[in-house]
Every structure is written in C-alpha cells, then in structure tokens.
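Bear in mind the structure is a predicted one, so any value in this text is a computation, not a measurement.
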Protein chains: 2
Amino acid sequence: MKKNSPPAKPRKPLSRERISKAALEIIDEQGMDALTMRRLGKVLNVEAMALYHHFANKGEVLDAVLDRLVDEVELPPRGSQPPLERLRHFARSHRQMALRHPHAFILVPTRRFNTEHSFDLYEQVLQAFSDLGFDAALSARYFRTIGYLASGAGLADIASHARQPDATPVRLETFDDTRYPLIKAVAPHLQKGNLDAVFEFGLDIIFNRMRDDAKALQEKKGKEKR
Amino acid sequence: MKKNSPPAKPRKPLSRERISKAALEIIDEQGMDALTMRRLGKVLNVEAMALYHHFANKGEVLDAVLDRLVDEVELPPRGSQPPLERLRHFARSHRQMALRHPHAFILVPTRRFNTEHSFDLYEQVLQAFSDLGFDAALSARYFRTIGYLASGAGLADIASHARQPDATPVRLETFDDTRYPLIKAVAPHLQKGNLDAVFEFGLDIIFNRMRDDAKALQEKKGKEKR
DNA sequence: ACCTGAACACCGTTCAAGT
DNA sequence: ACCTGAACACCGTTCAAGT
C-alpha cells in the first residue's frame, strides 16, 4: 500500500545544466536583476540553498550562463567556406546572439571568457585567421577589432531599444528643431530597422581591409616561391 | 554661551553634484556593487534616506554618474584641428575615459545617453562629420562604427585586466602546449601594454576609410562647381 | 526645505540539521 | 549525496515624524 505522501512532484535531480538553463530563461524574460538565487530555486522547485551544492556562488552560475551564450555563436566548419566568409558569419552570429539575449549579453564583454568551451571556439577562430595567412600579431589585432565591433554593436543596439528601469530619459522631441538639428537629422538612420545596415557598414570596412591584407600576403608568398 | 552640542560637523548641504561625485568615487574605488544608497549616505555624513530628496531613486544617481563620465570625453573645438583629427581625438579620449573608470564605464554603453549634456556633445561630434562633407546617413554610420569600436575596446580592455569577483577562470597555462597553440601564440600580443596599439589598429582602418570617403566627396563637389 | 528612524520586503551566503 | 530551514548581515525604498 502506498504511503500517504503529498502529490508526487516527480522532481528531476538538479544539475549544472538544468540550473544554468533556468537562469538564462529568467534573465531573458525578466532581466539581469531578476536573477536571484531564491527565484532560481523556486523555478526549479527547490530551496535556494540547494543550488550551492552545484555552484560555489552566484558568480559561477553567471559563468555557466555565459557558456550557454558562447555556445550559440557559430563558426562554420573549416573548408565549408572561404576563411573570410567564415569569419564574417562568426561576427554576424555574435551580434545575433546579442539580439536574442539582450539582458544576458552584457556578460560577454564584462566577464572573462575563461571557460574551456570558449577557448575551443577562440582557437578555431584563430585558425581561420591563420588560414588567411595572418601571423599571430595580425590575427590578434583583427580578432580584437572584430570583437570590439561586435560587442559594441550588440550593446548599443540593445541599449537603444530596451526599456531601462529608473531611467530619466530626455526625449529628443521636447526640443525645438533648432536646438539639435544634426541629431534630429541622424536619428532616423539609427532606428531599429536600420541597425543591421549600420553594423554591416562597419563590418565591411574591416573585412575589405582584411581581404586586401590577405591578398597582399599571398602575392608576397607567391613571389618568394619563384 | 555655547550650547553643549556634539562636535560640530560643518556639514555642507547635499546637492546632486556632491552626491554624484561621491558615487563615482565609490564606484572607482570599490566597484559597481559597492555603490549602495546606505554607503553613499555614510560617505556624505547623512542618512541614506536624505539622498532621496535629491534623486528619485538609485537609477537617477547612476544617470548622474554617467553624465560625469560623458563630461570627461573631449572633442577639440571646431577649427583647432582638421575634422578628422578632432574625431580621432574624440575616439581616443572615449577609450581613455574607460581606462580611468574601469568599474563605472559599463554605464556608458548600457544606460541610454539621454541627458542634455550628452546631447550637446553628440551634436558637436555630428558637426565634425558634417564638416567632412558627410550627409546624415553616412554620419550616422561612421558615428556608430566609431562608438562600437570605442565601447567594445573599453570594455574588453577592462575585462582583460580587472579582477572579477567569483570568477572561475580557466588558466591558459594549465594546458599543455599542443592544446591551444594559436591562443598561446596570440596571447602576448594582447597583453596590457599592447592594447593601445590594438585599438589604434582598429581606429586606423576606420579613419583611413573615412579619409578616402571625405576626399571622394570633395572631388565630386569640385566637379559639380565647374 | 531638508533630514532622520523605523519598518518592509527583499538579497547572497553560512551553518547545522535532516533523509 | 543532496536538500532544508533558520539565521546573519546586508539591500532599495516607504512612510511618518522631526527641525
């Protein structure tokens, strides 16, 4: 005979996977500040303190969330496309991830990329630069420049169309047209629908230059052979 | 005869200025999380609740801190240098500000730039683009691209040499040399002393292209005149 | 007009205890 | 091994009260 137990909650055991997934969902739906250990516990049908059995502290939970974000960034496999196009896809994918996770994305440029997971991606990206004929110094510079652009664009795009708690916005419309004529002229070009184009504009500047550099290096190498 | 009062604290009256200054100092010295209304009050010799007479909430305090940061970004006055060099100075100054305020800088790309103060700077920067002969669409794109680079670089530089609470870093040194050969080759080029050069590398790519665009526009204008 | 003091509804994290 | 429950030292913010 069955014991008179409370309605069986068929509780799956906790795991780092389940916890970080729930954490990302909370951040996506309710923002970074909404992620508290107590709320995270509630979502998982568990006391907050149970989480400490899987993560030493909240910081570790955030690192696990960061890992999930990194996991969404795609670099097409080697050989499937020219290296330059693989890298372009990588940059776009990075920004797309930012747009999918506007509240969580801040973790990417602020917390260090120090998981094995992100090292794996990092190494592959550097391989693509190497395939272009770039040495370590040049790879480092282009890698960072593209990263700067992608993070900066991600953050700015988010900031420009995400409501912020407790903000004290000064609305552009409150000024008469003579006050900030140039800002008013520029504003329509920076609306949500145009930000893709703005990002592509920046990307093209960098990639055109990369193309030229790669070409110059190949020609140099060709000459050396002869 | 004097009353037997406690040792007179010659307390200056509170003001938004004094409060935001103290807030920035706390963030600079102890990090973003250390800024609490209670601590801010203590530094100012006042109960935390007194602050609410000057700011509606903590968010407004942060906006005031942001305003102080914006105030440190320099755009040389019109006519003092060619527009392109004024803008280059602006971009460098933006990054320098990030390095001076590693803990506070995050406010810049995440909170909206919606104070009158920042609008004034914004308008002047756009004037510099206009002086180059750029229309609103092109100004918008270059302005953003430079901003992406400067914010991205600021954040990345900070992240790479700021200790983070509760991080779980995977140290590169723990792997044998065959595991991440390219990362290991690139790492020395991304150390603290080399990040200035990396930023200048990215800046040059963009500014060279801007120079070419400005020249092309001037030639076109010259032809139209004839 | 400006500040205080107590209170409310939260936090992250600790610790000893339960199964 | 895994989770609970109470407790500690904090938060931001409200409210009524003091001067």
Side-chain angles (χ1 to χ4, degrees), chain A residues 2-20 22-23 26-27 29-66 103 107 111 163-168, chain B residues 2-20 22-23 26-27 29-66 103 107 111 163-168:
Chain A
K2 266 201 199 164
K3 266 194 235 162
N4 193 359
S5 52
K9 285 181 198 165
R11 206 163 54 181
K12 265 191 285 184
L14 282 180
S15 67
R16 290 175 67 96
E17 275 292 303
R18 284 189 65 220
I19 295 172
S20 63
I26 291 175
I27 297 172
E29 285 161 24
Q30 297 166 235
M32 201 73 212
D33 290 344
L35 180 68
T36 69
M37 297 302 266
R38 284 166 156 92
R39 249 191 286 250
L40 186 50
K42 191 170 285 179
V43 166
L44 294 162
N45 273 314
V46 125
E47 293 298 310
M49 289 65 213
L51 304 170
Y52 286 85
H53 205 267
H54 300 267
F55 293 94
N57 48 45
K58 194 178 173 183
E60 279 199 3
V61 176
L62 292 176
D63 283 341
V65 170
L66 173 54
H103 294 119
L107 296 171
R111 291 193 84 82
R163 77 206 100 275
Q164 276 178 353
D166 308 329
T168 48
Chain B
K2 265 199 199 162
K3 267 194 232 162
N4 191 359
S5 52
K9 286 181 199 166
R11 205 164 55 182
K12 266 190 286 183
L14 282 181
S15 67
R16 291 175 67 96
E17 276 291 305
R18 283 190 66 222
I19 295 171
S20 62
I26 291 174
I27 298 172
E29 287 162 24
Q30 297 166 236
M32 201 73 215
D33 290 345
L35 179 69
T36 70
M37 298 301 267
R38 284 166 157 92
R39 249 190 287 250
L40 186 51
K42 191 170 286 178
V43 166
L44 295 162
N45 273 315
V46 125
E47 294 297 312
M49 290 65 215
L51 304 171
Y52 286 86
H53 206 267
H54 300 267
F55 293 95
N57 47 46
K58 193 179 173 182
E60 279 199 3
V61 176
L62 292 175
D63 282 341
V65 171
L66 173 54
H103 295 118
L107 295 171
R111 292 194 82 84
R163 78 208 98 275
Q164 275 179 354
D166 308 331
T168 49

Quick check against the 3.5 Å criterion: does B:R16 have a side-chain atom that pairs as donor or acceptor with the backbone of B:H54? yes

Over how many whole Å does the gap from [X] atom [atom1] to [N] atom [atom2] extend?
X     : N      : atom1 : atom2 : result
A:M49 : D:dA7  : CE    : P     : 13 Å
A:R38 : C:dA9  : CZ    : P     : 14 Å
B:N57 : C:dC10 : CG    : C1'   : 17 Å
B:L51 : C:dT4  : CG    : C1'   : 12 Å
A:H53 : D:dT4  : NE2   : P     : 12 Å
A:E47 : D:dA7  : CD    : C1'   : 14 Å
A:D33 : C:dC10 : CG    : P     : 15 Å
A:M37 : C:dT14 : CE    : P     : 10 Å

Just wondering, more than 12 heavy atoms not from B:Q30 lying within 6.0 Å of its CD?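 More than 12 heavy atoms, drawn from other residues, nucleotides or ligands, come within 6.0 Å of this atom.
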
Identity of whatever pairs with D:dC10 - Watson-Crick or G-U, under 3.5 angstrom: none

Who does D:dC15 pair with, Watson-Crick or G-U, both distances under 3.5 Å?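 Across all strands, the one nucleotide that pairs with D:dC15 is C:dG5.
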
OP1, OP2 of D:dC3 versus side-chain N and O of A:H54: anything below 4.0 Å? yes

Would you say a side-chain N or O of A:R39 is under 4.0 Å from OP1 or OP2 of C:dC10? no

How would you label the contact of B:L40 with the nucleic acid (heavy atoms, under 4.0 Å): base, sugar-phosphate, or nothing? nothing

Can you check side-chain contact (heavy atoms from CB on, under 4.5 Å) on A:M32 and A:L62, steps first, answer last? CA-CA 10 Å; A:M32 201 73 212; A:L62 292 176; 3.2 Å; yes

Could you check whether any side-chain heavy atom of A:L14 comes within less than 4.5 Å of a side-chain heavy atom of A:V46, counting everything from C-beta outward?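 A:L14 vs A:V46: side chains touch.
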
Does some side-chain heavy atom of B:V61 sit less than 4.5 Å from a side-chain heavy atom of B:M37?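 Yes, side chains in contact.
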
Could you pick out which residue, A:A34 or A:A56, lies toward the 5' side of DNA chain C when each is mapped onto its nearest nucleotide? A:A34

